[in-house]
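A short write-up of the structure that comes next.
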Amino acid sequence: MNKKIFKPSSELPAGFIDRQEEELLARDLLISNIKKVMAKYGFQYLETPSFEFTDSIGKFLPDKDRPSEGVFSFEDDKKWLSLRYDLTAPLARYAAKNFNNLPRPFKRYQLGTVWRNEKPGPGRFREFLQFDADYIGTSNLFADAELCCLISEILSSCGLTKKEFIIKISNRKLTKGLLEKLKIKDEDKQSIVLRAIDKLDRVGLEGVQYLLGKGRKDKSGDFTKGAELDETQIKEIINFLSIKDLSDNNFERIEKIAEDNQTILDGVNELISIKKYFSLLKFDNFIFDPTVVRGLEYYTGPIFEANLTFSVKNNKGEEIEFGSIGGGGRYDDLVKRFNNQDCPSTGISVGLDRLIYAIIQKNKIKVEKKTPILICVFDEKYMDYYVKILNLLRTKNISAEIYSGSANIKSQLKYADKRGCNYVILCGDDEVSKNSVAIKNLEIGKQMSDSLKDRNDWKDSSGSQKTVTLDKLLDEII
RNA sequence: GCAGCUGUAGCUCAGUUGGUUAGAGCGCUGGUUUGUGGAACCAGAUGUCGGUGGUUCAAAUCCACCCAGCUGUACCA
């Protein structure tokens, strides 16, 4: 019998990743910018727990037969709990629970991890950080307009210029009215149509046309069943989609399509109000785009989406479909489902990890990575001397460390190289006896290595190294 | 979920029509240098060839099933 030794895998479950310092520091900076913007706009900071009762968040799932689809859940004491999949559903729950005590409108912002039990894609994970800002309890469209300004200000605070992103605005009532007009009443059909419209950017006008009709074949040859509409219906929808750009002041083309459909006309009027508020707020980095749909379940009115206008590459250098980095809209019925009280609301959310990924790639965020000065250990017997140097540096707030492993000097320098240290301090018999320190500048040494000719050059470290008495150490390093 | 592709050392990959002890580069460890990273040279370690079963004298290679990853698609509240 040969025993198999159990070897645990060092791999992570699909869709989960380790995040490293560069990304974390960029994230910290971004978060501190966000907090400043939020304070300026008068939002309150809130945190809700990671878990909710599955029922509390499950009610708004599109597929009501399988309420835990897409969510990580477990049964606790006979009640099902789920990790939150967004911050909006927990907010609605919070608002309903504290309905009488909260000022209304209630303006809150929140940063938090959310989890989705779905197939991960490029740049999409099953655990990610979201930022949300919401107005609870107001039907005033100024709130919606302000949210767009706010998201724009946050993106600007990351160093993105106006040309690098745009806020797309639409209204759920436009597509809702269109479906009414075309007499598409079957709910399944409605959602297929809306999803098809949503895919315009990805599959093109032709792809949408197939999805509205019999169906579409993808790149791998797989077939997606379509909505099977008749030709006039398809024609009307395609005609609607051709109005991609409404930035030029007039909504006449949509009104023309609407004819006497009141839902579409209401939607248009709301957009006109928002546009008016935008001009008061001097906000112009937006475009009205009736093809924006955003999800399916709870949006009831104006919807927005923040898109980057530059391309993003994956770690293999291939361009990837990045999609929107944030969005939101009006959800007038969400709180009502908890407490049966009218509570019109609107909000936005931003996927911070994706945003950070994009701005790091664009070199938009400059994070100073502080590396310590390494004090090498020649001999344990000199530890008191090394600690003296360490304290000298640290009391001046200079990042420093004594080598904490047990390797020889060569390896200690390799360690310093890997860490990206700028300086290394070397003290052996010679230095300690003269009460001095040798300071090696690794950057200069690196430059010198380009002009190495033979082994004697290589051995000679004098160019990058300087020996001074202990009291002059700080002068050399600052 | 569906479809296509891929799976060989820590990483990136080669491995012919099945054939002896499965390779390379990078990285790692040691040495040339008992106190010096980054250059150069020398030496060395490291593999359930994704898993299981089958065909065969013989399987990394062929077959079946399973698993994992990637890409597209579906879903994404």
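We name chains A, B, ... by the order of the sequence lines, and we start the count at 1 in each one.
A:Ile409 comes within contact range of the sugar-phosphate backbone alone, with a heavy-atom separation under 4.0 Å but no base atom that close. Within the nucleic acid shown, A:Glu431 comes within 4.0 Å of at least one base atom, counting heavy atoms only. Residue contacts for A:Lys199: at a heavy-atom cut-off of 4.0 Å it reaches the sugar-phosphate backbone alone, with no base atom in range. Across all strands shown, A:Asn408 has no heavy atoms under 4.0 Å from either base or sugar-phosphate atoms.
The side chain to side chain donor-acceptor pair (under 3.5 Å) search around A:Asp188 returns none, not counting sequence neighbours. By the side chain to side chain donor-acceptor pair (under 3.5 Å) test, A:Arg116 is found to be paired with no residue, residues two or more places apart in sequence or in another chain being considered. Listed by chain and number, the residues in a ring pair (Phe, Tyr, Trp, His ring centres under 6.0 Å) with A:Phe43 are A:Tyr135 (sequence neighbours excluded). When the ring pair (Phe, Tyr, Trp, His ring centres under 6.0 Å) test is applied to A:Phe74, the partners found at least two apart in sequence or on another chain are A:Phe51. Judged as a side chain to side chain donor-acceptor pair (under 3.5 Å), and not counting sequence neighbours, the contacts of A:Thr263 are A:Glu180.
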I'd like a table of donor-acceptor pairs (distance under 3.5 Å, sequence neighbours excluded) in which one partner is a side-chain atom from residues 211-218 of chain A, with atom names and distances.
{"from": "A:Asp218", "atom 1": "OD1", "to": "A:Ser220", "atom 2": "N", "distance (Å)": "2.7"}
{"from": "A:Asp218", "atom 1": "OD1", "to": "A:Ser220", "atom 2": "OG", "distance (Å)": "2.7"}
{"from": "A:Asp218", "atom 1": "OD1", "to": "A:Gly221", "atom 2": "N", "distance (Å)": "3.2"}
{"from": "A:Asp218", "atom 1": "OD1", "to": "A:Asp222", "atom 2": "N", "distance (Å)": "3.3"}

Can you give the donor-acceptor pairs under 3.5 Å from side chains of residues 471-478 of chain A to other protein atoms, not counting sequence neighbours?
{"from": "A:Asp471", "atom 1": "OD1", "to": "A:Thr469", "atom 2": "OG1", "distance (Å)": "3.0"}
{"from": "A:Glu476", "atom 1": "OE1", "to": "A:Lys466", "atom 2": "NZ", "distance (Å)": "3.2"}

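Shown here is A:Lys107, whose NZ atom has more than 12 heavy atoms of other residues, nucleotides or ligands within 6.0 Å.
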Restricting both atoms to N or O, compile the protein contacts to nucleotides 41-43 of chain B shorter than 3.5 Å, with distance only.
none

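In this structure, A:Glu47 does not pair ionically with A:Arg108, as no charged nitrogen and carboxylate oxygen lie closer than 4.0 Å.
With RNA chain B read from its 5' end, the first of the two nearest nucleotides for A:Arg124 and A:Gly15 is the one closest to A:Gly15. Mapping A:Lys446 and A:Leu211 onto RNA chain B by nearest heavy atom places A:Lys446 at the nucleotide closer to the 5' end.
The nearest whole Å value for the distance from the NZ atom in A:Lys410 to the C1' atom in B:rU32 is 9 Å. Rounded to an integer number of Å, the gap from CG of A:Asp417 to C1' of B:rA39 is 13 Å.
Contact of A:Lys119 with B:rG72 (side chain to base): a donor-acceptor pair of N or O atoms is detected under 3.5 Å. Applying the 3.5 Å distance criterion, the base of B:rU36 shares no donor-acceptor pair with the side chain of A:Gln412. Judged by distance alone with a 3.5 Å cut-off, no donor-acceptor contact links the side chain of A:Arg195 to the base of B:rC75.
Nucleotides B:rA24 and B:rU46 have their C1' atoms positioned 15 Å apart, rounded to a whole Å.
Counting only Watson-Crick or G-U wobble pairs whose defining distances are both under 3.5 Å, the stems of 3 or more consecutive pairs in RNA chain B are B:1-7 with B:67-73, B:10-13 with B:23-26, B:28-32 with B:40-44, B:50-54 with B:62-66.
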